[in-house]
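Okay, structure first, notes after.
Quick caveat: nothing in here was measured; it's all calculated off a predicted structure. The chains referred to below are lettered A, B, ... by the order of the sequence lines, with proteins before strands, and numbering in each begins at 1.
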Amino acid sequence: MTRFSAFELFRQGLTGQSGWKPQWRSPEPKAAYDAVIVGGGGHGLGAAYYLASQHGMRNIAVIEKGWLGGGNTGRNTTIIRSNYLFPESAGLYDHSVKLWEGLSRELNYNVMFSQRGVMMLAHTVHDVQVFQRHVHANRAAGVDNEWLTPEEAKAYCPPLNISDNMRYPVLGAALQRRGGTARHDAVAWGYARAADRLGVDILENCEVTGIVRNAQGAVEAVETTRGRIKTPKVGVSAAGHTSVVLGMAGVRLPLESFPLQALVSEPVKPVFPCVVMSNTIHAYISQSDKGELVIGAGTDIYTSYTQRGGLHISQHTLEAICELFPQFRRMRMLRNWGGIVDVTPDRSPIVGKTPVPGLYVNCGWGTGGFKATPGAAHTLAWTIAKDAPHPINAPFTLERFRDGFLIDEAAAAAVAH
Amino acid sequence: MSGSFRTGIGGRIRRERTVRFRFDGVTYAGVEGDTLASALLANGVHLMGRSFKYHRPRGVLGAGADEPNALVEVTRGAGRTVPNVRATQVELYEGLEARSQNRWPSLALDVGAVNNLMAPFIPAGFYYKTFMWPRKAWDALYEPVIRAAAGLGHAPTAPDPDTYLNRYAHCEVLVIGAGPAGLSAALAASRGGGRVMLVDEQCEPGGSLLAEPDVRIDGLSSRDWIARTVAELQANPRVTLLSRATAFGYFAHNMIAVNERLSDHLAQPAAGAPRERLWQIRAGEVVIAAGAHERPLVFPDNDRPGILLAGAARTYLNRYGVLPGRRVVIATGHDEAYRTAIDLSRAGVEVAVIADLRPRPTGPLVEQARALGLAIRTGCAITGSRGGLRVTHARLSAILAAGKLGPPDEIACDAVLMSGGYTPSVHLFSQSRGKLRWDEALSAFLPDVSAERERSAGACRGIFALDAVLADGAAAGAAAAGIDAPPALRSTAVDADPAGVMGAVPHDRGPDARAFVDWQNDVTSKDLKLAVREGFQSVEHVKRYTTNGMATDQGKTSNINALGVLADELKRPVEKIGLTTFRMPYTPVTFGVLAGMARGDLFDPVRTTPIHGWAVENGAVFEDVSLWKRARYFPQGAEDMEAAVRRECLAVRSACGIFDASTLGKIEVVGRDAAEFMNRFYINAWTKLGVGRCRYGVLCREDGFVMDDGVVGRIAQDRFHVTTTTGGAARVLNMMEDYLQTEWPELDVWFTSTTEEWAVIALQGPKARDILSGLVEGIDLSPEALPHMALAEGHICGVPTRLFRVSFSGELGFEINVPADQGRTVWEAVWAAGQPHGLTPYGTETMHVLRAEKGFIIVGQETDGTATPDDVALSWAVGKAKPDYVGKRSLARPSMSAPDRKQLVGLLTEVPETVLQEGAQIVASRGLKAPMPVIGHVTSSYYSAVLGRSIALAMVSGGRARMGETLYSPHGAGEIAVKVVGPVFHDPEGARVNV
Amino acid sequence: MLVITCPYCGPRPEIEFAHGGEAHIARPQDPSSLGVEDWTEFLYMRANPKGLHAERWRHLHGCARFFNALRDTTTDQFVATYRTGEPRPDLAAVKA
Amino acid sequence: MSDVIAAGRTPFEALNGLSMPGLSAAPDRTRYILRGRAGILAPVAEVLGFALPTDACRATGSDQRHALWLGPDEWLLLSPAGDRLDKALAFAIGDVAHSVVEVSHRQVGIVLDRPDAAAVLSVGCALDLDLAAFPVGMCTRTMFAKTEIVLWRTGENVFQIEVWRSFADYLWRYLVLAGAEFA
């Protein structure tokens with residue numbers, strides 16, 4: 001496989017770029033693998049890559065019902081940060097950020113991780129209390145996060161409106177400088193190419209239709225639209241479709257899948273230097289390398305697999321964007337799309353073993369899965385290889401709901417008096 | 001005189017009305033009825049833009065919404081600049097100011113064009129393969145350079161002063177598109193008597209007919225037929241006809257979103273005139289008559305200025321009276337281009353040659369062209385062009401039998417007009433989730449199975465012959481209205497063979513030749529082949545890897561040609577490759593019109609209490625709590641918040657304070673099962689609560705975590721006055737209804753929100769009774785008659801009141817509930833009566849300090865959704881004897897009583913003046929480095945004026961077992977030592993409240 | 001914005017409604033007698049089907065009643081809405 | 001400003017002179033929310049002098065008093081200021097399970113009376129206000145932009161709107177600003 005480099009691009013340039021080979025093979029499924037990953041998004045391909053690169057499991061396959069990265073990997077707003085409140089979360093997401101920092105070179109694929117900084121705006125006294133708690137908690141956990149005054153926030157993001165005639169004036173912001181964005185498709189393709197290079201079979205247009213269990217109840221094989229595949233270990237990273245897949249093995253999950261919309265503006269010259277999030281008025285915005293303003297909207301109120309939401313959801317977000325950045329009011333929405341996000345009761349993911357021996361799951365990321373791609377994949381691979389929790393994903397078990405050890409990042413931002 | 005390329009007659013323009021405008025600083029003259037593009041063409045200007053990646057000089061390609069090249073910035077000043085506008089859709093007005101984009105220093109001489117020379121080395125997706133070393137260089141060097149080169153126009157720099165409107169509409173039949181199909185559909189549907197809406201993107205109805213002056217329909221000229229049809233529609237009160245209104249989104253359950261542009265076309269919009277309006281239309285039936293887009297030909301150097309679509313050229317001629325050039329080459333694989341050739345030669349343009357890819361084109365149009373003596377080369381491919389900022393030559397080669405090409409020759413020309421055929425616009429149909437089918441003969445995807453109550457008509461479903469289009473529209477409109485179709489109309493139109501070509505034109509130009517598929521994003525057939533070579537087989541992958549179809553035209557001209565190239569490369573039939581998803585919006589939509597009226601005051605409702613006006617007049621500083629404005633503190637003179645709060649706190653402790661508690665949620669729980677419901681719902685026991693008594697209630701979620709709290713008063717055996725937190729009011733009421741309606745419907749109890757029925761005046765402090773005594777009637781305020789946690793109904797200042805003796809401050813306290821209308825009157829009366837006693841108004845900040853001094857929690861501050869009643873020292877409130885209440889079962893889980901749970905404690909800093917930061921973390925020892933084991937966090941922290949020192953509440957692991965321990969809180973560099981104490985700092989025995 | 005047919009008020013715009021999650025999950029009569037697995041099932045485990053889904057809605061900004069609906073989560077088309085307490089309609093009947 | 005509006009129901013024109021033809025404050029009213037089991041229908045009819053509406057989203061009344069169906073067991077009773085009904089209702093209804101709660105001050109009334117009233121409301125109300133779909137006599141809770149209202153059509157071009165007092169400013173401003181286009 002040809003290494004990617006500026007030199008190679010130049011060399012190929014002399015021959016009309018005609019020498020490039022497929023970035024990954026399109027093999028026929030084998031009869032059996034040592035492990036099968038269900039879901040060809042960043043999480044699943046990453047898990048396969050780490051199984052092969054860290055745990056020496058080369059006889060494995062990733063099965064994807066559509067095209068690689070066609071799920072939430074290719075449908076999100078690519079925000080990456082680790083300034084979560086609870087140490088369990090900060091641990092998992094920061095593990096991810098550290099992997100992001102070396103990912104382009106590790107995969108020899110430029111995923112364009114851009115540490116432009118993620119700024120979370122506080123609009124109420126309660127926001128200030130919550131975000132300052134975040135700052136303190138992150139510092140103690142070794143995660144960078146700092147408090148900015150409104151003036152400092154504007155200095156960091158000049159387009160920001162900090163006038164106090166806003167309905168909800170900006171009272172300050174929490175800034176994580178190591179946060180930023182990455183090129184979502186490249187993450188899936190980069191992991192696919194690197195995993196393929198290590199011998200992993202990537203099977204596109206291959207939908208899992210059943211999970212076969214032996215007399216002891218352990219995983220024995222998966223039925224797919226391309227035939228039965230024997231395997232003792234199945235890792236599921238199917239995002240919004242996880243409930244359906246695990247249902248095939250009789251596993252019920254505390255998950256609901258909601259439509260999540262995002263949109264981009266027409267491309268313009270650089271105008272927005274960082275990522276800005278406002279949980280209070282629901283605005284999430286950055287600018288892509290291409291020049292588009294990338295904006296995250298909220299979820300619809302009902303569960304759905306249509307990958308389509310209501311216009312009023314996008315309107316709600318653009319109201320907020322236009323208040324925070326009134327000069328963008330004349331910008332134009334170019335493209336709007338929907339994903340399917342699987343949400344748990346405590347808004348934290350489930351990563352690890354299931355009640356079924358040999359069946360592992362990585363789900364429940366809600367709206368935050370992209371940023372965790374390398375970390376979740378890396379620790380899931382460990383769990384699959386060793387059939388044991390990784391210290392970092394150990395708190396994110398399914399059992400936490402039974403035992404009441406919730407990691408409730410959402411409730412932590414509960415509304416006060 | 002308005003440009004040398006203007007014809008003497010014809011078109012729908014008003015030649016006599018000259019309109020002056022500026023493009024890149026040069027003043028030009030156009031005429032009324034022009035678009036920016038037609039006016040520039042009339043002045044011989046084809047060069048209108050630069051491409052996204054290679055910065056190649058580009059001329060206008062089309063004449064409408066599909067334009068990928070001619071994107072400009074139109075400005076009316078800093079706050080009124082719009083980037084990336086299609087010159088083909090900008091209606092000319094006097095003084096219009098437009099700038100070209102993505103070039104420096106000028107459109108003609110653009111340094112960025114160096115990328116063009118780099119082209120061989122920066123193919124599709126090149127950035128994935130490089131810029132990886134050294135790591136820092138990506139953020140510091142590569143990315144900034146890439147970003148600066150990318151992007152098209154500039155974002156506006158000042159706030160947009162214009163207003164945007166919203167309108168919900170409903171109709172029985174919505175027709176989208178006012179071309180021949182849409183007009184016929186609307187006319188037919190209107191006869192059904194129902195409400196009909198007809199929306200059209202252009203400035204006047206007519207669609208493709210606007211470029212067909214010579215066709216006669218039903219015995220009338222096309223112009224007269226349009227006029228007659230529109231007149232009948234406008235005369236019908238049940239019909240709404242919208243122009244400049246683009247249906248951009250098709251949503252579930254037949255909701256169509258339409259963007260109506262109201263003032264952009266005006267030279268001088270009236271002051272305050274709204275700019276755009278969003279229509280959200282719920283239609284019983286939808287007729288899509290969206291027409292079709294012409295396909296360019298994919299041949300080497302097909303992107304030079306002066307190379308445009310043949311149909312577009314015909315539109316410029318027939319609608320705008322503009323000639324695309326003096327000597328043109330027509331390159332086509334489709335009959336329609338012959339119409340252009342015929343009309344142009346009649347207009348005096350020299351048609352050098354018609355190069356037709358098809359071996360033996362036939363049909364009336366071809367014959368007409370022959371009859372006119374136009375040179376036609378059949379089986380002839382266009383394989384290149386020459387020229388700098390304008391095409392000068394077309395390169396033609398005969399296609400030999402073996403698929404080989406004959407020797408090329410170059411034809412001098414100043415314009416090349418091309419056509420590969422027409423692609424039905426199935427955007428909205430696909431958005432509606434309808435299923436498409438591939439039609440090999442038309443090489444087009446056509447609507448097949450509908451998902452909504454919708455039907456397509458005319459060109460957007462592959463019907464092109466005018467008579468058939470008119471009939472199809474009428475049939476669709478009638479069917480949508482549930483009536484019989486009217487008799488078909490006849491026209492004089494000459495029909496074209498609808499079949500065309502797709503994909504790349506064969507050429508002999510070698511590997512470096514670039515044949516553009518997506519003009520704006522500079523995607524060539526080579527790029528598509530590279531993507532396939534690199535293993536990207538899914539059409540979605542190819543799109544994302546090459547960015548084909550992702551530009552601001554969303555692939556209107558490029559998608560089908562790209563499919564053609566892919567099909568050849570993958571050796572797979574098109575229908576097996578499939579199409580990328582059509583996404584909302586059809587054309588870009590202004591953020592502002594989607595945000596609509598929701599700005600400033602109207603962004604969210606501003607909720608204020610009946611006493612708000614008094615607080616404003618008395619200098620209160622406010623804070624936002626959910627939708628409410630609450631007085632935070634009342635500074636005097638130059639006081640800052642800290643000083644004001646210390647003064648307010650001392651006033652309450654020493655004399656009396658008055659506080660507006662009206663925002664607290666209130667719910668009247670009424671019915672003979674009221675107590676039973678309260679028992680099942682709240683953790684407390686209610687049966688024994690006597691009438692006239694109050695109790696502090698705590699509510700858990702079913703998972704056992706504290707959700708809300710508040711004082712509950714029993715007004716009668718069957719009536720409770722429940723209070724909630726300000727932010728929790730709606731949540732609690734919803735949860736009550738949920739349990740009652742779906743779990744306990746047998747209970748005779750009802751809930752009514754009374755939050756806004758009552759104004760609530762909190763009077764707190766040792767002097768409270770003295771102040772009140774002169775004001776109340778029929779209420780005995782004595783401690784015996786009205787002890788702490790009792791309530792009485794009577795009158796105050798002649799107004800009926802529910803008087804609660806409760807205290808959130810630890811002082812003697814009353815909460816005076818009066819009907820909201822009288823809230824301010826009573827407040828002012830109490831205020832006056834309090835003057836001799838040093839009554840002081842205070843806000844939420846002081847309220848927080850006072851309750852913290854007493855160790856009272858605030859839900860959402862001490863609790864964060866993971867705290868049980870016991871965690872926050874409220875287990876005393878639990879009705880232990882009750883068999884069940886919401887959350888009880890969850891609280892029985894072992895983890896809920898684990899000794900290491902975070903528990904509410906008080907913290908005292910070693911240095912009394914040191915005030916901990918709220919949210920600060922708690923650790924067990926000094927000198928820890930991150931990541932450090934954290935055992936708790938500070939939830940509330942203030943300076944207590946009455947205690948003369950700082951106090952803090954915290955949630956600390958196993959906190960109650962740590963009384964007296966010294967712990968540490970990392971602050972900045974070092975840490976602050978704190979002593980763990982009980983959460984009640986002031987008057988622990990509660991003497992002051994029982995007086 | 002969906003159109004939802006309230007069993008009391010008829011077809012209404014989605015913005016008047018609140019979604020209530022999976023339908024037909026009755027709160028146990030005596031929760032304290034439930035084993036931890038059963039309680040966890042009641043508390044957290046939810047059907048999340050791709051296809052027909054029985055779910056609760058509340059006409060919050062209308063008649064304020066809770067009711068149930070059968071909706072296809074792959075198309076968002078409603079098959080039926082019915083009042084709280086009524087059994088889940090069997091599809092054959094609905095189609096008829 | 002809501003207090004200005006509500007105290008004695010000062011006309012809305014007090015809102016920075018924001019006004020619109022046909023938009024006015026409703027006269028002062030006494031309001032109750034009546035809930036209860038079916039058995040209350042007869043006794044309540046006795047007190048009101050007319051039957052409670054049992055058809056969804058319909059209002060009944062005399063020229064003085066009106067009952068608006070808000071839900072299958074929920075009615076909004078409107079009567080002139082001072083026309084207190086609670087004791088009479090309680091006495092008449094007796095043992096039948098019910099709830100009467102006064103909400104006179106919780107909300108305020110707005111009247112929109114102009115030929116294009118339905119169109120004006122359509123700037124913020126997603127309901128179909130065509131006479132066929134929303135006839136005279138229909139009433140319902142619904143949303144107007146971001147506030148809940150009770151919308152009651154009392155004439156072909158006359159709508160009565162009941163809104164919680166602290167949302168009244170918002171509703172009024174929105175109507176006046178959005179209504180400007182109708183002039």
Scored by heavy-atom pairs under 4.5 Å with chain B, the best of A/N161, A/T306, A/I407 is A/T306
Kindly assign one of parallel, tilted or perpendicular to the pair A/W189 and B/H541, based on the angle between their ring planes and the thresholds 30° and 60°.
perpendicular
I'd like to know whether B/F52 forms a side chain to side chain contact (heavy atoms under 4.5 Å, CB included) with A/K290, so could you lay out the CA-CA distance, the side-chain angles of the two residues, the decisive distance to 0.1 Å, and finally the verdict.
CA-CA 9 Å; B/F52 186 87; A/K290 202 168 174 246; 3.5 Å; yes
Report the C-alpha distance between B/F126 and A/L9 in whole Å, list the side-chain angles of each, state the deciding distance to 0.1 Å, and finish with yes or no for side chain to side chain contact (heavy atoms under 4.5 Å, CB included).
CA-CA 7 Å; B/F126 72 97; A/L9 264 173; 3.9 Å; yes
Please flag which part of B/D703 lies under 4.5 Å from any non-hydrogen atom of chain A: side chain, backbone, both or neither.
side chain
Proximal component of B/A531, with respect to chain A [non-hydrogen, under 4.5 Å]
neither
When rounded to the nearest 0.5 Å, the distance separating CD of A/Q307 from CZ of B/R433 is 7.5 Å
Write down the atom of A/D403, the atom of B/R893, and the distance for their closest heavy-atom approach.
C-NH1, 4.4 Å
Check against side-chain hydrogen bond (donor to acceptor under 3.5 Å, both in side chains), A/R183 and B/Y128:
CA-CA 9 Å; A/R183 177 83 182 95; B/Y128 298 124; 2.8 Å; yes
Under 4.5 Å from any heavy atom of chain B - which part of A/E323:
side chain
Going through the checks in order, is the side-chain hydrogen bond (donor to acceptor under 3.5 Å, both in side chains) test met by B/N102 and A/K269?
CA-CA 8 Å; B/N102 202 34; A/K269 293 297 178 188; 2.7 Å; yes
Just do the ring pair (Phe, Tyr, Trp, His ring centres under 6.0 Å) check on B/F121 and A/F10 with the steps written out, would you?
CA-CA 5 Å; B/F121 311 108; A/F10 176 76; 4.9 Å; yes
Return the option, out of A/R25, A/E101, A/E292, with the maximum number of heavy-atom pairs under 4.5 Å with chain B.
A/E101
Step by step, would you call B/F591 with A/F325 a side chain to side chain contact (heavy atoms under 4.5 Å, CB included)?
CA-CA 11 Å; B/F591 284 4; A/F325 312 100; over 6 Å; no
Counting only non-hydrogen atoms closer than 4.5 Å, does B/M597 touch chain A with its backbone (N, CA, C, O), its side chain (CB onward), both, or neither?
neither
Chain A contact via B/D139 - side chain, backbone, both or neither, heavy atoms under 4.5 Å:
side chain
